[in-house]
Amino acid sequence: MTVRIELLLVLIPLHVLLTSAQSPDAVYLQALKDNWQNTPPNWVGSDPCEDKWDGITCTDSRVTSITLSSINLIGELSGDIAQLTELQTLDLSYNKGLTGSLTPDIGSLRKLSTLIMVGCGFNGPLPETLGSLAQLGLLSLNSNGFSGPIPASIGNLTKLYWLDLADNKLSGPIPVSDGTSPGLDLLVNTKHFHFGKNNLSGEIPAQLFSSEMTLKHVLFEDNQFSGTIPSTLGLVQTLEVLRLDRNSLSGNVPSNIKNLTLINQLFLANNKLNGTMPDLTGMTILNYLDMSNNSFEESKFPEWLSSLQSLTTLIMEDTKLQGEVPVDFFNIPQIQTVVLRNNQLNGTLDFGAAYSDHLQLFDMTKNMITAFTQRSRYTTDLILIDNPICTESGPTASYCHPPTESNSSYSTPPNNCIPSMTCISGQVLSPNCKCSYPYSGTLSFRAPSFSDLGNSTIYTSLQSSMMVSFESNQLPVDSVSLSQPTKNSNDYLVVTLNVFPSGDERFNRSGILRIGFVLSNQTYKPPHPFGPYFFLGNNYDFFSDASKGKHKSVSVGLIVGVSMGACVLVILLVIAGLYAFRQKGKAERAIKKNSPFASWDPDKGIGGCPQLKGARSFTFEELKTCTNNFAATSNIGSGGYGMVFRGSLPDGQLVAIKRAQQGSNQGSLEFKTEIELLSRVHHKNVVSLVGFCFDAGEQMLVYEYIVNGTLKDSLSGRSGIKLDWMRRLKIILGAAKGLQYLHDLADPPIIHRDVKTTNILLDERLNAKVADFGLSKPLGDTVQTHVTTQVKGTMGYMDPEYYMTQQLTEKSDVYSFGIVMLELITARKPIENGKYIVRVVEEAMDKEKDYYNLREVLDPIIGLSTELKGLERFVNVALRCVEETGNRRPKMSEVVKEIENVMELAGINPNAESASTSESYEGKSKGKDHPYLNDSLFAVSGDHLFSNLESK
Ligand SMILES: *[C@@H]1O[C@H](CO)[C@@H](O)[C@H](O)[C@H]1NC(C)=O
Ligand SMILES: *[C@@H]1O[C@H](CO)[C@@H](O)[C@H](O)[C@H]1NC(C)=O
């Protein structure tokens, strides 16, 4: 490198001599370029202004703007930047490869009004010279690795509107002025102090705030501030969002905080605040209030809370609230989320008559609630775990269990078109159903005013406002999609953004640079409920000239070659050789990435090729062909992992293809482990793996296709198959044998973890087949009898013991199987209208009576007119399966025996092969050859012809 810098020094006069008419900034840009890799390929020619270099804007042959976001620049920002003295805008965002410290020379850019370096890899201290940038209006240095104190000199930037230093490693106190040196209290025109996620410490200076200030957003969350909240804060009447959470603040909350009547979002959680809880009456437009985990004095549920009529979200965990929740509180019209965990609230929860339709979550875990009034239109996730209502009556009611994993799996839907295509690797289907290479990244909203992440209207408004912004900036954007909204540990709402190109299937550089700037510069403003945001863009890897783009310094090379003779050429050749070598390495890595099987080569030492017993490897093309290009008509289901397609192999075999969604793929090692496991499972009551595809960046599992769908569909009548008592017994016996096989005979033993009626499939002979090992875990070595895991499974079927101890044993499957048995005879969902199936059966049950008095709750379709021999015995087994502790539940082998006994009681030979197909049930049920022709249990009535079967 030193050789090249020296060359450059020799070159400078040469350039000036040769082309005296070029921009005086050319040499300095050239010098910046020489410190960077991956500069745009059109950065050739000697005049950036004349030659219109991407990302460079000039006025009168002077460089006035440099915007270079998301193009994978690698290198440092050299002091040469200081020579571009007409520069007004500098945006280097989203280039993680830009490292090193921010050069103090930057202070020479006296005309700079916008300095943005979001999401780069810069580090070291912030130079005091930032305070010399007198024109600066927007300073965004968030999401880097900057350390050290906030320079006091920033206080000199009287035009500063936006100051974002969040998500760095800044430390020390917030500087305030003292007559001789400046401080941030002088920033009376600044609207945004975004300092969250740093290591700032000390007291928040009282001097920082005054009635002169015009701040809208004060975001100090997740730092180490201590001491009290200064009462001067109450003077900043313009405040709209205040986040002081996740610090070590103590003392009383100043009472004048309630003068801040423009506040929408207030976060004081996770501090050591004490004294009485502040009265916030008058904050009438407050949407989001979080005061959790402080040391406030014990108090009644404050009455003023019910007066906050704009609240969407109230979080008050562990705040020593006592007494009853007043019924008024439920009248707040927009309330979505209420979390009051860990308080001493007691009595009856009275939802009143007018409770809000928007209420999504009411979490009262660990309180003293003894009852609640149930509303008929009740759809809220009410959680009363660890309240007397649950601890005394037993943990069976749905509100005594954690809710199903919150399913805010929003994703922008297709825009009046049919997404029938499958895109080639790297491309993504846009909402307008076109495949292209999107620009992607994450939008993080630091203080949204809502908490119902599942409301699609909200995202639609975000999406359309973004399109309006892109269109008004004349950007080449076809559409945008939003997906995977989640709350992160700092309560930011994080949403994945894809921006799709219009016209072409990929963006060019100038398109990416302009889109990146609209987002980094806050040109785009989201609608109200979203609040302050920042965007982190990914590198865009899909430029059509991507490979050419990496060649650099060609023109320099030529000039040097001509002017300085052959010996220089030799040096350049060496550099070129090194470069080519590196490129080769890159190419090899790229190939490896596209074909992860390569890494299964035994030589490479991660365990060799998968040990597959009878499972085939399919190419992507093969599966594409057999599903008619993954046509929508072949799609037979979907889930969190992706979609399931029906396909027909060349030999005519029907298969179900489970295709992992782009992005939800597991690592190659996990995938290998999974297919090895699945391929070892062979039993007639377990769905078997035909093969897999691990090609073109795809992960797919190919299973045998089971024609008659799920047991659940049959129980609900959706499949058109009528299930009488005999068939139900046959099906449940098959399912039990499948599970017994997994527990006792599979090697290694497998715990299913998600036994439910939708995971039991029925083949053409109504043989049950246990399916979906998505959650299965082998037990590993034989000594181990349980595995400790993150709790997974489906609400209603989940073993409460597993839930509480997180120790998974085969008895957890037995519990779920017991629920399936009860579902089989009642055709009720495990949790229906807030009632748990186990409770329903137990409450109706009277062992003294005929059929244990269960006629009322049995599925009428079983055929109550006929005798249900063995029903009582069946119920006994089911209830043993759902015993509270695992060791009181039978093993699956015992369940199998018991069901066989029931079948014998019912006069059915459990070992008879089920010879008939469902077709023959349909067409020939009265024919001679039917094996159960004479079985009265079979022919309940004449109307059980399976007319819908054909259409399946
Ligand atoms: C609820 O708690 C309050 C305050 O601790 C107490 O005065 C009241 O008697 C309790 N009410 C019930 C129904 O237990
Ligand atoms: C979703 O959000 C919109 C806009 O804020 C609101 O009007 C609508 O009522 C919400 N829907 C639900 C179900 O809460």
Side-chain angles (χ1 to χ4, degrees), residues 264-265 276-277 285-288 296-303 305 308-314 316 318-351 354-362 364-373 375 377-382 384 386-393 403 406-413 443 445 447-466 468 482-483 485 487 493 495 525-531 533:
N264 295 129
Q265 283 93 258
T276 50
M277 189 177 296
I285 60 170
L286 190 62
N287 297 131
Y288 196 114
F296 296 123
E297 283 165 11
E298 292 182 350
S299 74
K300 287 199 329 189
F301 188 92
E303 270 169 34
L305 271 175
L308 301 179
Q309 291 288 305
S310 303
L311 269 193
T312 66
T313 310
L314 175 69
M316 293 253 200
D318 207 355
T319 42
K320 304 209 190 86
L321 294 177
Q322 296 181 340
E324 303 203 6
V325 179
V327 61
D328 279 2
F329 178 72
F330 295 95
N331 295 342
I332 296 177
Q334 301 294 328
I335 193 87
Q336 297 166 1
T337 302
V338 181
V339 178
L340 299 170
R341 299 165 69 103
N342 234 335
N343 285 293
Q344 290 127 42
L345 295 163
N346 65 7
T348 298
L349 267 191
D350 185 357
F351 285 87
Y355 101 85
S356 165
D357 273 339
H358 299 280
L359 191 57
Q360 294 289 316
L361 174 68
F362 198 93
M364 294 285 292
T365 302
K366 273 197 142 182
N367 276 283
M368 288 146 69
I369 300 297
T370 49
F372 66 92
T373 61
R375 312 298 315 166
R377 61 197 166 104
Y378 187 76
T379 54
T380 311
D381 267 326
L382 173 65
L384 292 169
D386 278 338
N387 281 268
I389 188 175
C390 287
T391 46
E392 282 160 20
S393 70
S406 87
N407 230 346
S408 57
S409 55
Y410 175 82
S411 182
T412 300
L443 289 163
F445 300 95
S449 70
F450 58 95
S451 48
D452 173 8
L453 303 193
N455 184 343
S456 57
T457 319
I458 297 254
Y459 304 108
T460 311
S461 72
L462 184 64
Q463 182 199 4
S464 54
S465 68
M466 196 169 263
V468 168
L482 300 162
S483 58
K487 273 277 174 93
L493 168 63
V495 183
K525 291 183 182 52
H528 156 78
F530 287 92
Y533 82 103

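Each ligand, and each atom within it, is numbered from 1 in the order the structure gives.
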Notebook entry, point to check: Please walk me through it: do Asp350 and Thr348 pass side chain to side chain donor-acceptor pair (under 3.5 Å)?
Noted result: CA-CA 6 Å; Asp350 185 357; Thr348 298; over 6 Å; no
Next item on the list: Taking Asn343 for its side chain and Asn367 for its backbone only, find out whether a donor-acceptor pair lies under 3.5 Å.
Entry: no
Item checked: Shortest protein contact, atom 14 (O) of ligand 2 (heavy atom only) -> His358 ND1, 2.8 Å
Check: What protein heavy atom is closest to atom 4 (C) of ligand 2, reported as residue, atom name and distance in Å?
Finding: Thr457 CG2, 4.3 Å
Check: N/O to N/O below 3.5 Å, does that happen between Asn455 and ligand 2?
Finding: yes
Margin query: Contact between Ile335 and His358 at the side-chain level, heavy atoms closer than 4.5 Å - yes or no?
Written below: no
Note to self: Does Tyr459 form a side chain to side chain contact (heavy atoms under 4.5 Å, CB included) with Leu453? I'd like the steps, not just the answer.
What the structure shows: CA-CA 9 Å; Tyr459 304 108; Leu453 303 193; 3.7 Å; yes
Note to self: Quick test of your reading of the structure: of Asp452, Leu359, Thr312, Ile458, whose heavy atom lies closest to atom 5 (O) of ligand 2?
What the structure shows: Ile458
Notebook entry, point to check: Of the protein's non-hydrogen atoms, which lies at the shortest distance from atom 13 (C) of ligand 1, and what is that distance?
Noted result: Gly347 CA, 4.3 Å
Notebook entry, point to check: Protein heavy atom under 4.0 angstrom of atom 10 (C) of ligand 2, is there one?
Noted result: yes
Item checked: N or O contact, Asn346 vs ligand 1, cut-off under 3.5 Å -> yes
Notebook entry, point to check: Can any side-chain N or O of Thr412 pair as donor or acceptor with the backbone N or O of Leu482 at less than 3.5 Å?
Noted result: yes
Notebook entry, point to check: So, do Phe450 and Tyr288 have ring centers that fall under 6.0 Å from each other?
Noted result: no
